[in-house]
Amino acid sequence: MSEVILKNVCKIYDGGNKVVTDANFKVEDKEFVVLVGPSGCGKTTTLRMIAGLEEISSGEIFIDGKLVNNLPPKDRDIAMVFQNYALYPHMSVYENMAFGLKLKKVDKKEIDVRVKEAAKILSLEEYLNRKPKALSGGQRQRVAVGRAIVRKPKVFLFDEPLSNLDAKLRVQMRTEISKLHKQLGATMIYVTHDQTEAMTMGDRIVIMKDGIVNQVDTPLNLYNKPVNQFVAGFIGSPAMNFLSGTISEKSDLTFTSDKSELTFNFSSEQKSYLKEYIGQEVVIGIRPEDLSIEKTNIKSIEQECVLDVIEPMGNETFIYFEIEKVQFIARVKPLGDIKVGGKIKLYIDPEKIYLFDKKTGNHLFKNS
C-alpha cells in the first residue's frame with residue numbers, strides 16, 4: 001500500500017519565515033493528488049519535504065506506513081520529475097533512463113528490459129540513441145518521466161513538470177500523464193499553479209494558500225462546495241465574481257450593497273441561520289457561467305449593465321462590465337451585433353449564488 005500521510009507538517013526557515021503550517025492530508029494508494037495554489041503558497045516545499053529534499057521543522061510524514069522524517073531521499077522509494085527535466089546532456093536517452101538503475105547496480109539485462117518497457121509506454125523507442133539536445137521539450141519531459149518509471153517507485157512526485165511547455169503541448173502532456181497514471185496504477189503527487197491542470201488531472205486536489213491547506217477534496221466538490229472565498233475564487237475559469245454588502249431584514253432577508261438591493265428567496269432553515277448576520281457585512285459570489293442573458297429561473301434577478309469588453313471565444317463569449325464599480329465577468333452565449341458600450345440585461349439565478357462571511361471568508365452556504 002503506497003499511501004502518503006502528512007501529520008501537522010511545518011516548515012520554518014531561518015529567521016522564523018513559516019512556509020508551511022500544519023499540513024494534514026492523506027494520499028491513498030494508487031491515487032493521483034494535485035497540490036495547487038498561487039506562487040509562494042508552499043506547495044513545492046511540501047512536495048520537497050515528502051521527497052526528503054527539504055527537512056521538516058515539525059510533524060510527521062509516512063510513506064507506505066513507514067515514518068520517513070529522517071530517511072534520505074534514496075531510501076524513501078520515491079521518484080521525482082522536475083520542472084527543468086534535469087537530463088544529462090552528454091548521455092543518450094537510453095543512458096539517461098538507465099542511469100539510476102546502474103547506480104543501484106541492477107543487472108544489465110533487467111535494466112535493458114525496464115528501459116525498453118518504459119520507452120514503449122512513452123513512445124520513445126525510436127529516440128533511445130539520441131541526446132537530449134536533439135529532442136523537443138515534450139520528448140525531453142517524457143524521458144524524465146521514463147527515468148522515474150524504470151525505478152518502479154512506490155510514489156511518483158511531479159514538480160510543475162509542464163510549465164516549460166507551450167499551451168498545446170501542455171494539454172497533450174497532461175493527457176499522457178493521466179493515461180500513464182491509470183496504466184501504471186501508481187501513487188502520484190503532482191504540483192502545479194494551474195488550476196485547469198489540477199481540475200482535469202487530480203482524483204483529489206489539495207488547495208494551499210500562504211502555507212496553509214485550505215481544502216482537500218474532489219474537483220467537483222471544490223467547484224460546487226468551496227469552504228471559503230479563496231477556494232471559490234481560485235477554482236473556476238474565469239474566476240468567481242464577488243460583491244460585498246450587508247444582510248438586512250425587510251419583507252424578506254435582503255442583500256444590500258452600496259446602491260442596490262437584491263432580494264433572495266431563502267429557505268426557512270437558511271433564514272434562521274442568517275438571522276445572526278442581519279446588519280453584518282457578507283460577500284456574495286456569482287460564477288461567470290451563472291450569469292445569463294436569458295431568464296432561466298422565474299426568481300432570477302435582472303441586472304442591466306454596460307459592456308466594457310467583449311471577448312468572443314467561438315461557441316461562447318466573455319463579457320466584462322461593472323456593478324457598483326466592481327469589475328464583473330460573465331460567460332454567455334454569442335451576443336450577435338451587441339458592441340462595446342452597449343447595454344444588456346443579465347439575469348442572476350438566486351439559487352446559484354454563494355454567500356461568504358466578510359471577516360473570515362468562510363462559506364455560509366450555497367443558496368439552493
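If you read the sequence from its start, that first residue is 1, and numbering goes on from there. Predicted model only: the values in this text are computed from it and were never measured.
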> Can you tell me if Arg76 uses its side chain to pair, donor with acceptor, with the backbone of Val68 under 3.5 Å?
Replying inline: yes

>> Please enumerate all residues that pass salt bridge (Lys or Arg N to Asp or Glu O under 4.0 Å) together with Arg142, with sequence neighbours excluded.
In response: Glu176

> Closest heavy-atom contact between Ile56 and Val9?
Replying inline: CG2-CG1, 4.1 Å

> Which heavy atom in Leu47 sits nearest to a heavy atom in Leu35, and how many Å separate them?
Replying inline: N-CD1, 4.4 Å

>> So which atom in Ala148 and which in Pro153 form the shortest heavy-atom distance, rounded to 0.1 Å?
In response: O-CD, 3.4 Å

>> Please give me the minimum heavy-atom distance between Ile177 and Pro161, naming the atom from each residue.
In response: CD1-CG, 4.5 Å

> Has the side chain of His193 got a donor or acceptor atom that lies under 3.5 Å from a matching backbone atom of Ser39?
Replying inline: no

> Taking only residues at least two apart or on different chains, which pairs with a member in residues 117-130 satisfy salt bridge (charged side-chain N to carboxylate O under 4.0 Å, His left out)?
Replying inline: none

> Mind checking whether Val143 and Tyr127 have side chains closer than 4.5 Å, heavy atoms only?
Replying inline: no

> Is there a donor-acceptor pair under 3.5 Å between the side chain of Asp349 and the backbone N or O of Tyr347?
Replying inline: no

> Can you name the residues that form a side-chain contact (heavy atoms from CB on, under 4.5 Å) with Glu322, not counting sequence neighbours?
Replying inline: Asp308, Lys325

>> Arg140: which residues meet the side chain to side chain donor-acceptor pair (under 3.5 Å) condition with it, sequence neighbours left out?
In response: none

> Has the side chain of Asp159 got a donor or acceptor atom that lies under 3.5 Å from a matching backbone atom of Phe82?
Replying inline: no

>> By the definition salt bridge (Lys or Arg N to Asp or Glu O under 4.0 Å), identify the one residue from Glu304, Glu294, Glu302 that meets it with Lys345.
In response: Glu302

> Are the side chain of Asp357 and the backbone of Leu364 linked by a donor-acceptor contact shorter than 3.5 Å?
Replying inline: no

>> With no hydrogens and no angle check, just 3.5 Å: does a side-chain donor-acceptor pair link Glu311 and Tyr320?
In response: yes

>> Any non-hydrogen side-chain atom of Pro38 less than 4.5 Å from a side-chain atom of Phe230?
In response: yes

>> Closer than 3.5 angstrom, by distance alone: can the side chain of Asp64 be matched with the main-chain N or O of Lys66 as a donor-acceptor pair?
In response: no

>> Ring-plane angle category for His90 and Tyr88, please: parallel below 30°, perpendicular beyond 60°, tilted otherwise.
In response: perpendicular

>> Side chains of Pro132 and Asn96, heavy atoms from C-beta outward: is any pair under 4.5 Å?
In response: yes

> If you round to the nearest 0.5 Å, how far is CD1 of Ile348 from CG of Leu243?
Replying inline: 8.5 Å

>> In the structure I gave you, are the side-chain heavy atoms of Lys104 and Arg151 within less than 4.5 Å of one another anywhere?
In response: yes

>> Are Ile235 and Val216 connected into the same hydrophobic cluster when the rule is that any two of I, L, V, M, F, W, Y join if their side-chain heavy atoms are below 4.5 Å apart?
In response: no

>> Taking Val227's backbone N and O only, do any of them form a donor-acceptor pair with Gln215's side chain (distance below 3.5 Å, no angle check)?
In response: yes

>> Between Arg331 and Arg287 (side chain of the first, backbone of the second, donor and acceptor by atom type, cut-off under 3.5 Å), is there such a pair?
In response: no

> Rounded to the nearest 0.5 Å, how far does OG1 of Thr360 lie from CD of Gln229?
Replying inline: 9.5 Å

>> What's the separation between atom CD in Gln83 and atom CG in Leu165, rounded to the nearest 0.5 Å?
In response: 10.0 Å

>> If I compare all heavy atoms of His363 with all of Phe356, which pair ends up nearest, and what's the gap?
In response: CA-CD2, 3.6 Å

For residues 197-213, tabulate all N or O donor-acceptor pairs below 3.5 Å that involve a side-chain atom, not counting sequence neighbours.
{"from": "Glu197", "atom 1": "OE1", "to": "Tyr190", "atom 2": "OH", "distance (Å)": "2.9"}
{"from": "Glu197", "atom 1": "OE1", "to": "Thr192", "atom 2": "OG1", "distance (Å)": "3.1"}
{"from": "Glu197", "atom 1": "OE2", "to": "Arg170", "atom 2": "NE", "distance (Å)": "3.2"}
{"from": "Glu197", "atom 1": "OE2", "to": "Arg170", "atom 2": "NH2", "distance (Å)": "2.5"}
{"from": "Thr200", "atom 1": "OG1", "to": "Arg174", "atom 2": "NE", "distance (Å)": "3.4"}
{"from": "Thr200", "atom 1": "OG1", "to": "Thr196", "atom 2": "O", "distance (Å)": "2.8"}
{"from": "Thr200", "atom 1": "OG1", "to": "Glu197", "atom 2": "O", "distance (Å)": "3.3"}
{"from": "Asp203", "atom 1": "OD2", "to": "Phe32", "atom 2": "N", "distance (Å)": "2.8"}
{"from": "Arg204", "atom 1": "NE", "to": "Glu31", "atom 2": "OE2", "distance (Å)": "2.6"}
{"from": "Arg204", "atom 1": "NH2", "to": "Lys26", "atom 2": "O", "distance (Å)": "2.4"}
{"from": "Arg204", "atom 1": "NH2", "to": "Glu31", "atom 2": "OE1", "distance (Å)": "3.1"}

> Roughly how far, to the nearest 0.5 Å, is CD1 of Ile319 from CD1 of Ile338?
Replying inline: 8.0 Å

> With side chains defined as the heavy atoms from C-beta onward, is the minimum distance between Lys7 and Asn24 less than 4.5 Å?
Replying inline: yes

> To the nearest 0.5 Å, how far apart are CD in Glu276 and CD1 in Ile247?
Replying inline: 11.5 Å

> At their closest point, which heavy atom of Pro73 faces which heavy atom of Ile78, and how far apart are they?
Replying inline: O-CG1, 4.3 Å

> Can you check whether Ala186's main-chain N or O pairs, donor with acceptor, with His181's side chain at less than 3.5 Å?
Replying inline: yes

> Can you tell me how far the CZ atom of Arg114 sits from the NZ atom of Lys152, to the nearest 0.5 Å?
Replying inline: 5.0 Å

> Are Gln303 and Ile301 side-chain neighbours, meaning at least one heavy-atom pair lies under 4.5 Å?
Replying inline: no

>> I'd like to know if the side chain of Asn8 reaches the main chain of Ser58, judged simply by a donor and an acceptor atom lying under 3.5 Å from each other, with no hydrogens or angles considered.
In response: no

>> Are the side chains of Phe321 and Leu346 in contact, using a 4.5 Å heavy-atom criterion?
In response: yes

>> Enumerate the salt bridge (charged side-chain N to carboxylate O under 4.0 Å, His left out) contacts for residues 40-63, please, sequence neighbours excluded, ordered by first and then second residue.
In response: Lys11-Glu54, Arg48-Glu54

> Do Asn129 and Ser92 have side-chain N/O donor and acceptor atoms under 3.5 Å apart?
Replying inline: no

